[in-house]
Amino acid sequence: MNSINSLMTTEIYGGKSLSDLLTLEFLASIVGNVLAAFLILFVGLLIGSWVKRRIVKVSERHARLDETLFHFLGNIARYIILGFAALFVLNTFGVQTTSIVAAIGAAGLAVGLALQGTLSNVAAGVMIIIFRPIKLGDFVEVAGVMGTVKDITLNTIELAGLSNTQIIVPNSEVWGNIITNYSIYDTRRSEWVFGVSYGSDLKTAETVIRETIMADPRSMTDPEPFIQVNNLGDFSVDFLVRVWVSSDDYFQYQADMKRKVKEALDSAGISIPFPTRTMIQAAE
């Protein structure tokens, strides 16, 4: 009997003994706190989701705003609201949140030191999302690889390669290196070098090249195309050709013009030379 009395009077929680905890009044207060905690979390989830949707809709109403950036800002706002809701829940149960915040800060510092590489990716991801050197759908070259941007997260960027392969690039490799964005401008300048033999009529060759390229409806006249002799090589006279074209047509246009100019020069009787070597054998 003495052992039971001792157990009932032993302090267990908040300065209260087991006999105190078994009272209806205390149990009712516990149930009330639990219900209040669920209510706070529920309200926090509702408010967080509502705030996120409102932030995302800002980008949907304005086409010039980057959707990825506003999804990121919406998630940040949602997590902040949920964090405050969690603190309110702890206060409901009488937990001193000041010490918890300090402990979280210390733990965050330790985790940060252990995950420097990951955090550098996150920091780079934030910079990419804010300054937007690339966005979804852009065709880019980053970290030595080329592809179309499919997804941008805080840690990585997903590209669809030229052969439709998935390429995952860490954000630190993107932000810390040269980024070439082939989709940022509406037009691009195509450039070729066409060589003709030294015996060819250069005026005729220039006319054939110009007429062949400018006959294609994709070729732009403004800015004016550049077609001139640029180099006297070892075995050919080289024409440098620069023509502006829509970015969407660039790659196919580049390939088509090489073939068309070659066929046009052949039809005009203008030879395209290839490297030759003259060998002289000394008499014995």
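Only this structure's heavy atoms are used, side chains among them; waters, hydrogens and symmetry mates stay out.
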K.L.:
Can you name the nearest heavy-atom pair linking A205 to V196, along with the distance?
P.N.:
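Looking at all heavy atoms of both residues, the shortest contact is CB-CG1, 4.2 Å.
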K.L.:
For a side-chain contact (heavy atoms from CB on, under 4.5 Å) with V43, tell me which candidate from L45, I47, L41, L46 qualifies.
P.N.:
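Per the side-chain contact (heavy atoms from CB on, under 4.5 Å) rule, the option paired with V43 is I47, out of L45, I47, L41, L46.
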K.L.:
Tell me whether I184 is reachable from L159 by hopping between hydrophobic residues (I, L, V, M, F, W, Y) whose side-chain heavy atoms are closer than 4.5 Å.
P.N.:
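No; I184 is not reachable from L159 via cluster members.
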K.L.:
Hydrophobic clusters here meaning ILVMFWY residues chained together by side-chain heavy-atom distances under 4.5 Å, can you tell me if M214 and Y253 are in one?
P.N.:
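They do share one cluster, since a chain of ILVMFWY contacts under 4.5 Å joins M214 to Y253.
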K.L.:
Could you go through W192 and F226, starting from their C-alpha distance and side-chain angles, then the distance that decides it, and tell me whether this counts as ring pair (Phe, Tyr, Trp, His ring centres under 6.0 Å)?
P.N.:
CA-CA 11 Å; W192 310 268; F226 177 91; over 10 Å; no
K.L.:
F239 and I209: side-chain contact (heavy atoms from CB on, under 4.5 Å), yes or no, with the steps?
P.N.:
CA-CA 9 Å; F239 283 89; I209 294 172; 4.0 Å; yes
K.L.:
Measure from NZ or CZ of R188 to the centre of the six-membered ring of Y250 and say whether it is under 6.0 Å with the direction within 45° of the ring axis.
P.N.:
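Verdict for Y250: a cation-pi partner in R188.
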K.L.:
Which pair of non-hydrogen atoms, one from V51 and one from A77, has the smallest distance, and what is that distance?
P.N.:
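So the minimum-distance heavy-atom pair works out to CG1-CB, 3.9 Å.
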K.L.:
Within the distance-only criterion (no hydrogens, no angle test), does the side chain of D138 pair as donor or acceptor with the backbone N or O of I134 below 3.5 angstrom?
P.N.:
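No.
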K.L.:
With side chains defined as the heavy atoms from C-beta onward, is the minimum distance between Y182 and V140 less than 4.5 Å?
P.N.:
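When only atoms from C-beta onward are counted, V140 and Y182 do not touch, as no gap falls below 4.5 Å.
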K.L.:
What about V261 and F251, same hydrophobic cluster or not, with Ile/Leu/Val/Met/Phe/Trp/Tyr joined at side-chain heavy-atom distances under 4.5 Å?
P.N.:
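V261 clusters together with F251.
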K.L.:
Over all heavy atoms of both residues, which pair between K262 and I272 is shortest? Give the atoms and the distance, please.
P.N.:
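For K262 and I272, the tightest heavy-atom pair comes out as CD-CD1, 3.4 Å.
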K.L.:
For F84, does the CZ atom have more than 12 heavy-atom neighbours from other residues, nucleotides or ligands under 6.0 Å away?
P.N.:
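Counting neighbours around CZ of F84, 12 or fewer heavy atoms of other residues, nucleotides or ligands fall under 6.0 Å, so no.
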K.L.:
Just by distance, do the side chain of N121 and the backbone of S172 share a donor-acceptor pair under 3.5 Å?
P.N.:
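The answer is yes, because a donor-acceptor pair under 3.5 Å joins these two groups.
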K.L.:
Does a side-chain N-to-carboxylate-O contact under 4.0 Å join K260 and D256?
P.N.:
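Here K260 does not pair with D256 in a salt bridge, since their nearest N and O are not under 4.0 Å apart.
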K.L.:
Check whether V145 and I179 end up in the same hydrophobic cluster, where Ile, Leu, Val, Met, Phe, Trp and Tyr are linked by side-chain heavy atoms less than 4.5 Å apart.
P.N.:
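Same cluster: V145 reaches I179 through Ile, Leu, Val, Met, Phe, Trp or Tyr contacts under 4.5 Å.
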K.L.:
Should I213 and V241 count as side-chain neighbours, where that means a heavy-atom distance under 4.5 Å?
P.N.:
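A side-chain contact under 4.5 Å exists here.
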K.L.:
As an exercise, state the distance from NZ of K52 to NZ of K57, rounded to the nearest 0.5 Å.
P.N.:
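Output value for this atom pair is 13.0 Å.
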K.L.:
Any salt bridge between D216 and R218, counting N to O under 4.0 Å?
P.N.:
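Yes, this pair counts.
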K.L.:
Which atom names give the shortest non-hydrogen contact between V243 and P225, and what distance separates them?
P.N.:
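Distance-wise, the nearest heavy atoms are CG2-CB, 3.9 Å.
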K.L.:
Side chains of N177 and V174: does their closest heavy-atom pair fall under 4.5 Å?
P.N.:
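Contact flag for N177/V174 side chains = no.
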K.L.:
Checking side chain to side chain donor-acceptor pair (under 3.5 Å) for the pair S197/S200: CA distance, chi angles, key distance, verdict?
P.N.:
CA-CA 5 Å; S197 63; S200 301; 2.8 Å; yes
K.L.:
Quick check: does any side chain N or O of T221 sit under 3.5 Å from a backbone N or O of E224, one acting as donor and the other as acceptor?
P.N.:
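Absent.
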K.L.:
Rounded at 0.5 Å granularity, tell me how far CD in E158 sits from CD1 in I167.
P.N.:
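Interatomic distance, E158 CD to I167 CD1, rounded to 0.5 Å: 10.0 Å.
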K.L.:
To the nearest 0.5 Å, what is the distance between OG (S236) and CG (N231)?
P.N.:
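If I round to the nearest 0.5 Å, the distance is 7.5 Å.
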K.L.:
Rounded at 0.5 Å granularity, tell me how far CG in L240 sits from CG in N230.
P.N.:
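Reported value, rounded in 0.5 Å steps: 4.5 Å.
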K.L.:
Please determine whether a side-chain nitrogen of the Lys or Arg among R242 and E191 lies less than 4.0 Å from a carboxylate oxygen of the Asp or Glu.
P.N.:
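Salt bridge present between R242 and E191.
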K.L.:
Quick one: closest heavy-atom pair of A85 and G44, and the distance?
P.N.:
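Result for this residue pair: CB-CA, 4.2 Å.
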K.L.:
Taking a hydrophobic cluster as the set of Ile, Leu, Val, Met, Phe, Trp and Tyr residues connected by side-chain heavy atoms closer than 4.5 Å, whether directly or through intermediates, do M146 and W175 fall within one such cluster?
P.N.:
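Not linked; separate clusters.
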K.L.:
Apply side-chain contact (heavy atoms from CB on, under 4.5 Å) to V229 and D238, showing your working.
P.N.:
CA-CA 6 Å; V229 172; D238 298 329; over 6 Å; no
K.L.:
Answer yes or no: is there a donor N or O on one side and an acceptor on the other, between the side chain of S246 and the main chain of T187, under 3.5 Å?
P.N.:
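Answer holds: no.
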K.L.:
Run the side-chain contact (heavy atoms from CB on, under 4.5 Å) check on K135 and V149 step by step: do they pass?
P.N.:
CA-CA 7 Å; K135 58 183 182 297; V149 180; over 6 Å; no
K.L.:
Carefully, step by step, assess E173 and V142 under the rule side-chain contact (heavy atoms from CB on, under 4.5 Å).
P.N.:
CA-CA 8 Å; E173 294 293 324; V142 294; over 6 Å; no
K.L.:
With side chains defined as the heavy atoms from C-beta onward, is the minimum distance between V169 and T156 less than 4.5 Å?
P.N.:
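Result no, sub-4.5 Å side-chain heavy-atom pair not found.
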K.L.:
Between S190 and M257, is any pair of side-chain heavy atoms under 4.5 Å apart?
P.N.:
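A side-chain contact under 4.5 Å is absent here.
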K.L.:
Can you check whether F139 reaches L162 side chain to side chain, under 4.5 Å on heavy atoms?
P.N.:
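A side-chain contact exists here, since the closest heavy-atom pair is under 4.5 Å.
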K.L.:
To the nearest 0.5 Å, how far apart are OG1 in T212 and CZ in F194?
P.N.:
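The distance works out to 9.0 Å.
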K.L.:
Got a second to check how far L202's CG is from T207's OG1, nearest 0.5 Å?
P.N.:
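If we round to the nearest 0.5 Å, L202:CG and T207:OG1 are 10.5 Å apart.
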K.L.:
Can you tell if the side chain of I178 reaches within under 4.5 Å of the side chain of T180, non-hydrogen atoms only?
P.N.:
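Yes, their side chains come closer than 4.5 Å.
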K.L.:
For a 4.5 angstrom cut-off between non-hydrogen side-chain atoms, does N171 reach I128?
P.N.:
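Heavy-atom side-chain distance check passes, below 4.5 Å.
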